Amino acid sequence: MRRESLLSGLAAQNSGPVEFEDAFSTQTDAEAFFQNGTENAQKTHYCGVLNPEHVNQEVKLAGWVGKRRDHGGLIFIDLRDRSGLIQLVFDQHDGLELFKLAECLRSEYVVAVEGEVLKRSEETINRSLPTGEVEVRVKGMKILNTSKTPPFYIEDNINVDENLRLRYRYLDLRRPEMLKRLQLRHRTVKLVRDYMDHHDFLEVETPLLTRSTPEGARDFLVPSRMHGSSFYALPQSPQLFKQLLMVSGLERYFQIARCFRDEDLRADRQPEFTQVDIETSFISTEGLFALTEGLVARLWKEIRGIEIKRPFLQMPYREAMDRFGTDKPDLRYGLELVDINDLAQKSEFKVFNFALENGGAVKGLRVPDGKRLSRKDLDDLTLLARQLGAKGLAWTYVEEEGWRSPISKFFEQPLIEEINRKMEAESGDVLLFVADRWETTCQVLGHLRSHFAPPVTSAQPSFLWVVDFPLFHYNEEEQRNDSDHHPFTAPRDEDMPLLDSDPLTVRARAYDLVLDGVEIGGGSMRIHDSSTQAKIFKLLSLSEEESREKFGFLLEALAYGAPPHGGIALGLDRMVALLTGDESIRQVIPFPKTATASCLMTGAPSAVSCKQLEELKLKLQQQQQEEDNEK
RNA sequence: GGAGCUGUGGUGUAGAUGGUUAACAUAUCGGCCUGUCAAGCCGAAGAUCGCGGGUUCGAGUCCCGUCAGCUCCGCCA
């Protein structure tokens, strides 16, 4: 109960831009802890909690030496622990032996001290420090450990190579802002657990050593010693297990689940990441949305102090692509794409005509005040559009007299005016056009749209459900249909007849949760009868034997009274990063990997001994080649 | 797999068009100093410029390769 009131209190004072609350904002927490246990006899208080109420109290503190200010006969030390800083004072009149010891102190030494909390005189109060009204006059000290000079400053807002931070991650985490991130992440997870528990969900663990299944991302494989030439795979998500738990009659499952995908990394992608994994039986999509919205709203309320409007907006995939050129639109700004198929048709511009004749689309993006863009800027944008898969980019400056553009000659003046009107273009704007396959057109312009995103002004986050994803997409490389979400996603009932006639138009009962242009979760209602599931496998070009071999256990389970069920997985790392305002999820993962999936601290991944390989009956390709060469 | 950016004392940076002893701040070490909190003052030590090769009389600077980090595309939900 006390925790509840503490949290809501914090929320109230925390409504502005991203700000961490203090690790221990109230004295009660720390005091309760020390009164209850003797496990920490070296400390009676956390450094960061001391205030005028403690004046004249004898305290025991322990922590790390921060800044040292040596005045000769008087030494000030900033003592830091998890909670914050307190100024220690050593006076040589308090005893020479102690003072000599204080002179030895260096950055990051670990010390335990005893002393008296004193009120600082008015002119020596430090207003920028929460504990700045008091200081501790030290009467006894023990140096618990010394320290090498750290490779970077242990303080907030440092500007060092990320290389170095990752190599010495334990020191990086010692910085207050990083400790606060860990604390915020802890609180997020705690809120999730409390919320799910409150809604009757059971947290269940699922295996990390499981079997490799086709589809989806590349698996991380773990060789089996007992079964030579066989491998476990680390789960890309607990997908199959959570569905099987529904068959088990669990009805409501969740897990803070670690997931593994062996794909290339990004600022928001790590090879191992954490999902809030949820699955429920006997629930409608709307019911699941309400549940999820409640959870997310709770997090933003408790941690950011932001009241979120519910229910969240919903938008079909098709509309998201048409208007924003992405399946995860950022709705905090406009700059919508404009469909000009009908007008493009009337032009003499072959590129436009050609795209339309081939079933493609022509769309435009208005760049307000685009006249600031130089010819070179436009060339760069064209290059970017090409890199993104478009055949090219058409552009024009909009001026009072008409268009100034290499393509203006293909457009009659009335047509130009019509396009201007449709795109709400004014003199001084630039218009960008892409004519290509519908999907390419949308994607490329969507990317350019984000290029021109105005600076964020609103603190109000924009949550959005993207719904009605296609069930399949065509995989050019493999020349077959692939699941857009995953193979267990149920088609919409009314689209079932299309499965045979026109599978690519079938819509799935799948949904993504999008926040400010970031996909923070996704899920679907699942197939719960084995015949439909078998049919989907077939449409995915999985032979009967193959699907029986890979997913037989699922098909079998579905035949034993599987309840209708569905769920969602929320990206915890991404959510926490949004809550802290960090650009990269590495900031909120204690020990992240680099872009090439290595850990600079431990040196993982690393070579292993021949003996280990032998036990696993593995031979490296390199080894094999050498042996072959010898023959 | 591809593209871009970055790499100079411990750290953060400066080093136009190639030119002698690679500069500054901070940290570190030593000395002085009783009210600092980015303490101050004096002094010292510390980098063959990511690595390898090339061009050149001469390379931190130009070229090629390579490694590492970051960002993006492909990939990934």
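Lettering follows sequence order; numbering is per chain, from 1. Note that this is a predicted model, so its numbers are computed, not measured.
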Determine, stepwise, if the pair A/S374 / A/D377 fulfils side chain to side chain donor-acceptor pair (under 3.5 Å). CA-CA 5 Å; A/S374 68; A/D377 292 333; 3.2 Å; yes
Please check the phosphate of B/U13 (OP1 and OP2 only) for any side-chain N or O of A/N159 closer than 4.0 Å. yes
Side chain of A/D161, base of B/G12: donor and acceptor closer than 3.5 Å? no
Measuring only the P atom in each nucleotide, how far is B/G12 from B/G54? A whole number of Å is fine. 31 Å
Which whole-number value in Å describes the distance from A/N157 CG to B/U11 C1'? 16 Å
Which of the following nucleotides, B/C72, B/G69, B/C76, is nearest to the side chain of A/R269? B/C76
Base, sugar-phosphate or nothing for A/L164? Non-hydrogen atoms, less than 4.0 Å. sugar-phosphate
Rounded to whole angstrom units, what separation is found between the NZ atom of A/K119 and the C1' atom of B/G35? 15 Å
Check whether the side chains of A/D468 and A/Y511 place a donor and an acceptor atom closer than 3.5 Å, and report yes or no. no
So that I know where these two stand, are A/Y109 and A/W64 an aromatic pair - ring centroids less than 6.0 Å apart? no
Would you indicate what A/G216 reaches in the nucleic acid, counting non-hydrogen atoms under 4.0 angstrom: base, sugar-phosphate, or nothing? sugar-phosphate
Under-4.0 Å side-chain N/O to phosphate OP1/OP2 contact, A/T149 with B/U28: no
Mind checking the P distance from B/A68 to B/C41? Whole angstroms is fine. 44 Å
Checking only heavy atoms, does the side chain of A/R127 share a donor-acceptor pair with the base of B/C37 at less than 3.5 Å? no
Against the side chain of A/R106, the closest entry in B/G30, B/G10, B/C72 is B/G30
Measure from the side-chain heavy atoms of A/K67 and tell me the nearest of B/A38, B/G69, B/C37. B/A38
Which of B/A77, B/C37, B/A39 is nearest the side chain of A/H71? It is B/A39
Expressed as a whole number of Å, how far does the C1' atom of B/C24 sit from that of B/G9? 12 Å
Less than 4.0 angstrom between a side-chain N/O of A/R586 and OP1 or OP2 of B/U71, yes or no? yes
Nearest-Å distance, CG (A/N475) to C1' (B/G74)? 13 Å
Just checking A/D262: base, sugar-phosphate only, or nothing, at a heavy-atom cut-off of under 4.0 Å? nothing
Proximity to the side chain of A/D264 - top-ranked nucleotide from B/G10, B/U36, B/C75: B/C75
Pair A/T213, A/R211: side-chain N/O donor-acceptor within cut-off below 3.5 Å: no
In whole Å, what is the span from the NE2 atom of A/H451 to the C1' atom of B/C73? 14 Å
Distance, C1' atom - from B/U11 to B/A47, rounded to whole angstrom: 12 Å
Test for a donor-acceptor pair under 3.5 Å between the base of B/U11 and the side chain of A/R165, counting only N and O atoms. no
In whole Å, I'd like the distance from the CZ atom of A/R167 to the P atom of B/U11. 10 Å
Please report the shortest heavy-atom distance between A/D81 and A/G48, naming the atom on each side. OD1-N, 4.2 Å
Any donor-acceptor pair, under 3.5 Å, between the side chain of A/R386 and the base of B/C73, if you only look at N and O atoms? no
Closest to the A/A267 side chain: B/C70, B/U71, B/G12? B/U71
Write down the distance between CD1 (A/I125) and P (B/U36), rounded to a whole number of angstrom. 13 Å
With the criterion set at under 5.5 Å between ring centres and under 30 degrees between planes, would B/A77 be stacked on A/H485? no
For B/A39 and A/R69 - does any side-chain N or O of the residue sit under 4.0 Å from the phosphate oxygens OP1/OP2? yes
Quick check on RNA chain B: between A/F152 and A/L129, whose nearest nucleotide comes earlier from the 5' end? A/F152
Nearest listed nucleotide, side chain of A/E162, among B/C75, B/C70, B/C37: B/C70
Are A/F90 and A/F99, when compared by the centres of their aromatic rings, separated by less than 6.0 Å? no
What distance, rounded to whole Å, do you find between the two P atoms, one in B/A3 and one in B/G40? 49 Å
Does atom NE2 of A/H71 have more than 12 heavy-atom neighbours from other groups under 6.0 Å away? yes
Once you apply the 3.5 Å cut-off to both distances, tell me the Watson-Crick or G-U wobble partner of B/C70, or none. B/G4
Using whole Å, what does the distance between atom P of nucleotide B/U8 and atom CG of A/N163 come to? 10 Å
Between B/G65 and B/U13, how far apart are the two P atoms, rounded to whole Å? 27 Å
Euclidean distance for P, B/A22 against B/G69 (whole angstrom): 32 Å
Please tell me which of the listed nucleotides, B/C37, B/G69, B/U26, lies nearest to the side chain of A/N126? B/C37
Just call it for A/D512: base, sugar-phosphate, or nothing, with non-hydrogen atoms closer than 4.0 Å on any strand. nothing
Looking at the angle O4'-C1'-N9-C4 for a purine or O4'-C1'-N1-C2 for a pyrimidine, is B/A44 syn or anti, with syn meaning within 90° of 0? anti
Tell which nucleotide pairs with B/U17, taking only Watson-Crick or G-U wobble pairs whose two distances are both under 3.5 angstrom. none
Interatomic distance, A/E439 CD vs B/G74 P [rounded to whole Å]: 11 Å
Would you say B/C73 has OP1 or OP2 under 4.0 Å from some side-chain N or O of A/R266? yes
Watson-Crick or G-U wobble partner of B/A44, both distances under 3.5 Å: B/U28
Polar pair under 3.5 Å, donor/acceptor by atom type, side chain A/R261, base B/C76: no
Earlier contact from the 5' end, RNA chain B, for A/A217 and A/Q443: A/Q443
Residues A/Q87 and A/R69: side-chain donor-acceptor under 3.5 angstrom: yes
Look at all strands and tell whether A/S128 reaches a base, only sugar-phosphate, or nothing, counting heavy atoms closer than 4.0 Å. nothing
Suppose we define a pair by two distances each less than 3.5 Å, Watson-Crick or G-U wobble; what does B/C76 pair with here? none
For the aromatic rings, using the six-membered ring if either is Trp, is the centroid distance between A/F273 and A/F260 under 6.0 Å? no
Out of B/U36, B/C76, B/A77, which nucleotide sits closest to the side chain of A/D327? B/A77
Options B/C70, B/C76, B/G35, nucleotide nearest the side-chain atoms of A/T594: B/C70
Donor-acceptor pair under 3.5 Å: do we get one between A/Q387's side chain and the base of B/G4? no
Passing option when A/E519 is tested against A/V466, A/D512, A/T326, A/D268 for side-chain contact (heavy atoms from CB on, under 4.5 Å): A/D512
Establish, with yes or no, whether the OP1 or OP2 oxygen of B/G69 is under 4.0 angstrom from a side-chain nitrogen or oxygen of A/T596. yes
Nearest-angstrom distance, P atom, B/U20 to B/A59: 12 Å
